[in-house]
Amino acid sequence: NTVFDILFRKLCVSKEFEEVERLLEQILGTGWEISTHILFGVIRSCCKTDKLEKAQNVMKKIEQYGRSPGVQFYNGILKSLVSMKKFHMAQTIYNHMVSTQVSPNLQTFNIVMNALCLAGKVEEASGLLEEMGKRECNPDIVSYTTLIGGYFKAKRVEEAMQFINQAREMGCCPNNVFYNTIIDGLCKKGKMDEGLSLLAEMDAKGCAPDEITYSILINSFCNEGKMNKAMEFLDIMGEKNLNPNIITVNTILKGFCRIGLFDNAIQFLDKMEERGCQPD
RNA sequence: UCGCCUAUAUUCG
């Protein structure tokens, strides 16, 4: 499998998809076990380069040899297509999946929800949320977080707030990602005070703020030119034994540069390098 | 019962 992995990787980056198909046919013909992540990688490469027909050929080939991919396999492919914003491709793969009697599960729906939100189709996304309830696949905290993030990005704060309440009413257990998404949404809509009160709430509810929570707040202070507040929160992070990561550092550098404090930026960069945070 | 796969921050790309 290690050899196959290297072989397929190289063939895919050189876009030798004809050769990929031939080789795959040979391997499957021998009945050898070939690991899922290799097949997954091949299909993903096809999709990435818009070789939809190739992706389908490979999929069919796998099926011919009785290796029908399960829902997890599809979820993995759908997720990477969605993160590449290849929505049309994702749609086709989804249709294929359904046509081969593989039922979408909660994760599949959440991926589709994310796709709709990223495509700015929040109405359809909230429609899906309802649909899920009807299909004995109740939305979970991930579904709600995705949808809420979508509404914030669509600048529809009121509706985002409604879904936050709905998530609570439905008894979804809030977690860090849920809080982080909301705090980010509020801060970016100039509602920092509300964001800060959620920070207190999450702490009180046993969701310890993490690196991402702080980078959201620091980013917000930076964008308001309040570098003293940003640095204050960096210190608070340190007190909680959370280390600033490359994103935290980049955020603060941007904050200094934005208002022309280049010396402070360089000073800060040096300090972080000393502390072992290499610039990227 | 427990894990796994899905959602959140910087780069206007």
Side-chain angles (χ1 to χ4, degrees), chain A residues 36-37 40 44 69-85 90 93-94 97 102-119 122 125-126 128-129 132 137-153 160 163-164 167 172-189 192 195 198-199 202 207-223 227 230 233-234 237 242-258 265 268-269 272 277-280:
Chain A
T36 305
H37 84 269
F40 167 87
R44 209 177 61 127
V71 66
Q72 271 202 42
F73 185 85
Y74 282 104
N75 286 349
I77 291 168
L78 290 173
K79 171 190 148 73
S80 57
L81 288 176
V82 169
S83 64
M84 294 184 287
K85 297 209 192 322
I93 299 282
Y94 180 85
M97 160 179 162
V102 177
S103 318
N105 63 13
L106 177 61
Q107 284 84 348
T108 319
F109 287 126
N110 286 342
I111 294 166
V112 173
M113 175 101 61
N114 194 25
L116 292 170
C117 287
L118 289 174
V122 285
S126 62
L128 177 62
L129 193 82
M132 287 168 70
C137 191
N138 286 328
D140 65 354
I141 191 65
V142 176
S143 325
Y144 278 104
T145 304
T146 307
L147 189 64
I148 290 162
Y151 271 99
F152 272 119
K153 291 213 168 75
F163 283 109
I164 293 168
C172 288
C173 182
N175 61 17
N176 274 32
V177 181
F178 177 77
Y179 280 110
N180 288 345
T181 302
I182 301 169
I183 293 174
D184 185 55
L186 290 171
C187 287
K188 285 183 176 155
K189 294 291 162 290
M192 269 227 78
L198 269 177
L199 175 74
M202 72 189 283
C207 287
D210 58 17
E211 291 86 347
I212 296 185
T213 320
Y214 285 105
S215 75
I216 289 166
L217 295 168
I218 289 171
N219 184 45
S220 203
F221 285 122
C222 286
N223 285 337
M227 293 311 292
F233 273 82
L234 186 72
M237 273 183 85
L242 294 172
N243 291 320
N245 59 24
I246 188 65
I247 295 184
T248 327
V249 173
N250 287 344
T251 303
I252 291 173
L253 289 177
K254 191 191 70 167
F256 279 128
C257 291
R258 205 183 65 90
F268 180 72
L269 184 62
M272 292 326 279
C277 193
Q278 293 298 327
D280 63 1

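To find a chain, count down the sequence lines: A is the first, B the second, and so on, and within it residues start at 1. Everything quoted here is computed from the prediction, not taken from an experiment.
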(request) Would you mind classifying the nucleic acid contact of N245(A) as base, sugar-phosphate or nothing, using non-hydrogen atoms under 4.0 angstrom? (result) base

First and last nt of RNA chain B near chain A, cut-off under 4.0 Å to heavy atoms, 5' to 3', are rC4(B) to rU11(B)

Residues passing the side chain to side chain donor-acceptor pair (under 3.5 Å) test with N219(A), sequence neighbours excluded, are none

query: Contact class for D210(A) (heavy atom, under 4.0 Å): base, sugar-phosphate, or nothing?
result: nothing

**Message:** Base, sugar-phosphate or nothing for T145(A)? Non-hydrogen atoms, less than 4.0 Å.
**Reply:** base

Q) At under 4.0 Å between heavy atoms, what does T146(A) touch on the DNA or RNA strands: base, sugar-phosphate, or nothing? A) sugar-phosphate

Taken in chain and number order and not counting sequence neighbours, the residues that satisfy side-chain contact (heavy atoms from CB on, under 4.5 Å) with V112(A) are Y94(A), L116(A), L128(A)

(Q) For a quick check under 3.5 Å, do T213(A) and D210(A) share a side-chain donor-acceptor pair by atom type? (A) yes

Across all chains, not counting sequence neighbours, the side chain to side chain donor-acceptor pair (under 3.5 Å) partners of T146(A) are none

Residue pair I246(A)/K85(A) against RNA chain B: nearer the 5' end by closest nucleotide is I246(A)

With sequence neighbours left out, the residues meeting side-chain contact (heavy atoms from CB on, under 4.5 Å) with T181(A) are T145(A), V177(A)

Here the residues of residues 107-117 of chain A within 4.0 Å heavy-atom distance, strictly under, of RNA chain B are Q107(A), N110(A), I111(A), N114(A)

side-chain contact (heavy atoms from CB on, under 4.5 Å) filter on L106(A), not counting sequence neighbours, yields N110(A), M132(A), C137(A), D140(A), S143(A)

Sequence neighbours excluded, the answer for salt bridge (charged side-chain N to carboxylate O under 4.0 Å, His left out) partners of K79(A) is none

Across all chains, not counting sequence neighbours, the side-chain contact (heavy atoms from CB on, under 4.5 Å) partners of C277(A) are V249(A), M272(A)

